Each structure stands twice: as structure tokens, then as C-alpha cells.
Amino acid sequence: MKVLKFGGTSVGSAQRMREVADLVTGSDRKIVVLSAMSGTTNSLVEIANYLYKKNYDGANEVINRLERGYLDTVAQLFKKEEFKHKGLELVKSHFDYVKSFTKDVFTVFEEKSVLAQGELLTTALFNFFLQENGHNSVLLPALDFMRTNKNNEPDTVYIRENLERIMSEFEDTHLFITQGYICRNAFGEVDNLQRGGSDYTASLIGAALEVEEIQIWTDIDGMHNNDPRFVENTTSIAEISFDEAAELAYFGAKILHPTSVLPAKLANVPVKVLNTMDPKAVGTTISSSQHKDRITAVAAKDGITAIKIKSGRMLLAFGFLRKVFEIFESYKTPIDMITTSEVGVSVTIDNNRHLEEILDDLRKFSTVEVDYDQVIVCVVGDLVAENKGYANRIFEALKEIPIRMISYGGSEHNISLLVDAKDKKDALQALSAKLF
Ligand code: ASP
Ligand code: MG
């Protein structure tokens, strides 16, 4: 069995839904996870915001606009009168429900119910479409098995037991459709897995049922080995390990959020990123297998500020780093990269909101120097210490480029370097030329 997840853009119109139907109606057993049609959740958030403010005109305007969009989809999607009728009734019932909140109290509970309508509606329409075309698909209600616990973490035991229970009633069924994103919380109330949570749903289902693979269908052809905006001839990475993918996630190569991949990683189920616009392309497979002796990708993160903290008191002292870290912590500012010497430490941050306060506190016991407009360039691959020669190739590639910080050994998959923003493009190009 496989789990296939399609995002909002992939089911964003009647035509797109038809294409998705073509992709999912083969003979092997599948669970298809759908997001709401693109734009829906944003509109539902907008509606909720109006309802909180009791601005019913504002709410109704967005509700009507969204409803018209769904009615158009129904008109374009179905051919048979019977299904056009079913589609219209379905859309009407969901929007009547949303409209009912313009006459009632509106709290965070009602908001969650409103936000759930997008996925409920999209999956039900899609399932009607499959049935109109003679497919024997079954709609699995996510609210009957997807659940979080008191810590707002997925309740994996509940999810597995209930999914298995529900699916055991359909042993001859090969195609299941379910909603991404929505769930119940520990109190049984309708809730969700946060924005973009459909990937998480797919990963949780795949892990619960220990499926053969999880496919995440998007509109890009997987992860690339360098940034195509700055480097020509980048290629998509066919295979990458969970650990490498997590390293790259910070650098904007965030096709999948690392937390949403975690269940798949723990259950050791490979995740494939595939392109709805180019279904035959190989895409990227993320799995636990680590390619040996390979540099996998180069990525960069802009908008970095580097702070060099020097103090005579650091020499042979303990507790110095704790003091430094506590200051950043107290201003809720994450440190990304860190390098140390005997008398100083350099750190980077990507959020300058509290920079002045942080610097004031640091100056009480050290001298500080700040470099703005820096870029972290990271090289990801099989970079265990025994793998000789890679550091040399990286530095050989960057020999013309001033390097402000170097971080190696934090994990077995990453070397990070800090360079000035003006050198970023040259650095990325030089690395691609030398490493791939
Ligand atoms: N529809 C939800 C959102 O827009 C969930 C998802 O797309 O993954 O955030
Ligand atoms: Mg999405």
C-alpha cells in the first residue's frame, strides 16, 4: 500500500482534479490525502477573522466568493446530472454550515470547525468524481482516526488502531480518499495539524500503516542540488537521506517541513516528492539510506548577522558560553551557526529584532563586533570524518572567496560557511563547478 498526498494547487481546479484522478486510479492499494483546493484555507481564515469581529458583511462576502468558486468547480467537474446535483447539495450544505456562524457565538472551537470545511469539501467532491467515473473509492473521515494528545502531539496509537479498524471494513477496496490537515484533539474537538499540515497527515498515515512509500505530489520536480536562481544546470536530487533533507530544510529547500517527515523517518518509510506537472519525472526520494562518498547538495541562507564576542574572561573559564547563550535565549533569538576559539566565539542569527538589546547585554562582559548582510552557505552530503578530501575540495572551490566562519563536525552531513552577501553567487557557482 502507498499513501499519496496532493496539495491545494494539485487539486486547485476541476481540470487538476481530473489529472489527479488519472494518477491515483491504478490497480495497487492507495490512500490519497488531499489538501483543500488552493486558496480555500486562506479564505476560511479570513472568514473566521471577520466572524470574530462580528463583521458579518465582511464574512458573507468572502463566504459567497468562496462558494461561487466551488459551484464553478462542480459545474466543470461533473458530467452526469446525478453527480452535478450531489455536488451542488454538498457545496450548499458546507456553506450553510459556515454561514450558520454569522448568527451564533464564535470562539476558537467554531473557528476550527470552519477551517476544517476546505478539506472536507474537496475530498468529498473528489470522491464523487471518482464514483461518477466508475471507481470504487471510499472516503475515510480523518476526524474518525486522526487525533492529537494533550501535548498537541499526534496520538500514534489511536491513529493506528482506528485507521486499521476502519479500513478492515473495506478489505476489497483499493482506493481510499481522506482529508489532510484536520484532526480531533485530546478532547475530541475538531482541530487541525497547523497550516500546511497535510504533509504531516500523509506522513502519520504512512507511518501508522507502515506503507511501502509516501508520495508527496507538488508542483516542483523535487529538491535541487543547488539554487537554480543563481546557478545554471542544477539537477534534481534523486535520492537523499532523511538527515540530509533535514539539514537542507533550514536553507529554504523546504519542500517538506522536517517535523512532517519525522513520523516517516521513525517508521522508516521512504518519502517521494513528485511533480504533478511532470508525473513521469523521478522526483526526489527521501529515505534512511545514506549515499556513501557523495556531496548531495549546496544551499544558501540570506539575511544572516554574525556577532563576534571576545572576552579575556573566556580563556580557561567555564560557564562563558552559557552566559552568552542565555542572553540570546532571553530575547527568544535562535542562534544558527557557532564557531569558537580560546578567546572568542562567533554566532549567527537570522532575526535582528532584538539585536541592540542583545549587544548591550553582551557588552557588559565582552567586546562585540557585528557583520551584517552575511550568507550561510552549506554543503550537505556524506561528510563523516573518515571521508577524507571533501573539506579540501570545498576550500579549493572557495579559494578566491573570503570566508568569515566555518562550521564542521556538528553533524555528519554538513559543512557550513559564512560569506558576505556580495560573494554568495560566486560561492554557489564555484561549489557547483567543483563538487558536481
Ligand atoms: N489546507 C491547509 C493549508 O492551507 C493544509 C495544507 O494545505 O496542507 O494550510
Ligand atoms: Mg500545502
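Indexing begins at 1, ligand by ligand and atom by atom, following the structure's order. Because the structure is a prediction, the values reported are computed rather than measured.
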Ligand 1 to S35 polar contact by distance, N or O atoms, under 3.5 Å: yes
Which of parallel (below 30°), tilted (30 to 60°) and perpendicular (above 60°) describes W217 and F6? parallel
For F83 and F78, take the angle between the two ring planes, folded into 0 to 90°, and tell me which bin it lands in: parallel under 30, tilted 30 to 60, perpendicular over 60.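 The rings of F83 and F78 lie parallel, inter-plane angle below 30°.
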For K86, is the NZ atom crowded, meaning more than 12 foreign heavy atoms sit under 6.0 Å from it?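 Atom NZ in K86 is packed in, count exceeds 12.
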Under 3.5 Å: donor-acceptor pair, side chain of T339, backbone of S407: no
T123 side chain to L120 backbone, donor-acceptor under 3.5 Å: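 Judged by distance alone, yes, a pair lies under 3.5 Å.
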When you look for heavy atoms under 4.0 Å from ligand 1, do you find them on the side chain of S198, its backbone, both, or neither?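 The answer is both.
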Could you tell me if any non-hydrogen atom of [X] lies under 4.0 Å from any atom of ligand 1?
X	result
G197	yes
G196	yes
E119	yes

Please walk me through it: do E153 and T148 pass side-chain hydrogen bond (donor to acceptor under 3.5 Å, both in side chains)? CA-CA 5 Å; E153 294 291 335; T148 53; over 6 Å; no
With atoms numbered from 1 as shown, which atoms in ligand 1 lie under 4.0 angstrom from a non-hydrogen atom of R195? 3 (C), 4 (O), 9 (O)
Out of all atoms in ligand 1, which are within 4.0 Å of some heavy atom of T41? Include the element for each. 1 (N), 2 (C), 3 (C), 4 (O)
